[in-house]
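Order of listing sets the numbers, starting from 1, for every ligand and every atom in it.
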Amino acid sequence: MEIKRQLIAPLLLLLQSFLLAASARQGGIAVYWGQNGNEGTLADTCSTARFSYVNIAFLYKFGGGQIPELNLAGHCNPATNSCRVFSDEIRACQRRGIKVMISIGGGVGNYSLSSREDAQSLSVYLWNNFLGGGDASATRPLGDAVLDGIDLDIELGSSLYYDDLVRFLKSYRRNGRRVYVTGAPQCPFPDRLLGAALNTSLFDYVWVQFYNNPPCQYTSGNTDNLENSWIRWTTSVNAGKIFLGLPAAPQAAGSGFIPPEVLTGQILPVIRRSRKYGGVMLWSKYWDDQSGYSAAIVKSV
Ligand SMILES: *[C@@H]1O[C@H](CO)[C@@H](O)[C@H](O)[C@H]1NC(C)=O
Ligand SMILES: *[C@@H]1O[C@H](CO)[C@@H](O)[C@H](O)[C@H]1NC(C)=O
């Protein structure tokens with residue numbers, strides 16, 4: 001009896017640390033919200049309890065002396081300050097432990113940085129208008145809520161000075177709260193536009209877009225290109241966590257959609273072997289509503 005009890009305690013400890021290590025590998029789902037007025041509110045998005053990260057898309061004009069401009073499709077009109085209503089919803093998301101970023105860039109817009117000074121002035125603008133800087137002035141496009149960070153979805157223009165932008169953003173903090181920096185490179189490695197910024201090793205989360213690029217994504221019945229590309233990214237990029245970015249429905253991208261049963265049965269068990277695995281990113285909330293993708297995969301992520 002006595003001997004058994006002596007054996008059981010260390011065994012329980014071992015089991016406990018094993019379970020802790022396994023749950024540490026649990027991932028989360030990131031989603032882009034903002035580019036379709038028919039995808040529900042930000043509060044709806046967060047109250048599904050399926051998402052751990054929400055990227056508000058997009059700040060689509062910036063740099064070169066332009067006053068930065070937000071575009072949230074049919075959700076609100078920045079020109080009339082009607083996007084400020086989202087402050088309460090942003091805070092509600094954050095109370096649930098969801099990190100909320102503003103995404104700069106996107107597939108449509110007019111943006112590029114013309115110098116290191118231009119990068120610095122954008123960083124000051126972002127800090128004062130979306131993050132912890134400035135005051136709760138009426139000029140903040142999303143009102144007085146303090147977002148968790150900045151997402152870089154740079155798909156147009158030049159690669160220059162985004163490394164500077166990231167260094168400037170990472171230098172700000174207030175009341176112990178730091179700025180998260182996240183990014184959405186395309187899967188061909190290294191990313192043509194974000195490669196240099198990623199090489200700063202300052203990104204917290206990198207959601208690689210494994211779509212619209214057949215050589216590094218899933219193609220019907222073939223998981224090799226995707227898995228090789230995942231290994232390349234997770235062994236080359238020094239970032240907090242790396243995510244598998246996917247279209248949430250076949251129509252959400254030109255190519256790269258993975259049926260949910262293929263993702264959960266064949267792909268996630270392989271890619272989560274990386275210590276950098278952070279979960280899955282979905283484009284977008286609108287397409288997820290159409291397909292039910294996040295609901296189908298969330299227990300396996
Ligand atoms: C795009 O940005 C540049 C500055 O970087 C500006 O000169 C140009 O007028 C802008 N074009 C449009 C269509 O807004
Ligand atoms: C960044 O680092 C990778 C190696 O991890 C390298 O292949 C790449 O050329 C570097 N520079 C840029 C601009 O991507």
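The N/O atoms of Asn110, backbone and side chain alike, include one that comes under 3.5 Å of an N/O atom in ligand 1.
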Verdict with supporting geometry, Asp144 and Arg91, salt bridge (charged side-chain N to carboxylate O under 4.0 Å, His left out): CA-CA 10 Å; Asp144 58 0; Arg91 279 187 287 263; 3.0 Å; yes
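With sequence neighbours excluded, the residues satisfying side-chain contact (heavy atoms from CB on, under 4.5 Å) with Ser158 are Leu160.
With Gln66 contributing its side chain and Phe62 its backbone, the two residues share a donor-acceptor pair below 3.5 Å.
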Contact table ligand 2 N or O to protein N or O, d under 3.5 Å:
unit_1: ligand 2; atom_1: 2 (O); unit_2: Asn199; atom_2: OD1; d: 2.9
unit_1: ligand 2; atom_1: 2 (O); unit_2: Asn199; atom_2: ND2; d: 2.6
unit_1: ligand 2; atom_1: 5 (O); unit_2: Ser236; atom_2: O; d: 3.4
unit_1: ligand 2; atom_1: 11 (N); unit_2: Asn199; atom_2: ND2; d: 2.9

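Ion pair Asp164/Arg167 flagged as a salt bridge, since at least one NZ, NE, NH1 or NH2 atom sits closer than 4.0 Å to an Asp/Glu carboxylate oxygen.
Residue Asp204 forms a salt bridge (charged side-chain N to carboxylate O under 4.0 Å, His left out) with just one option from Lys170, Lys276, Lys241, and that option is Lys170.
Note on ring orientation: taking the six-membered ring where Trp is involved, the planes of His75 and Trp33 are tilted (angle from 30° to 60°).
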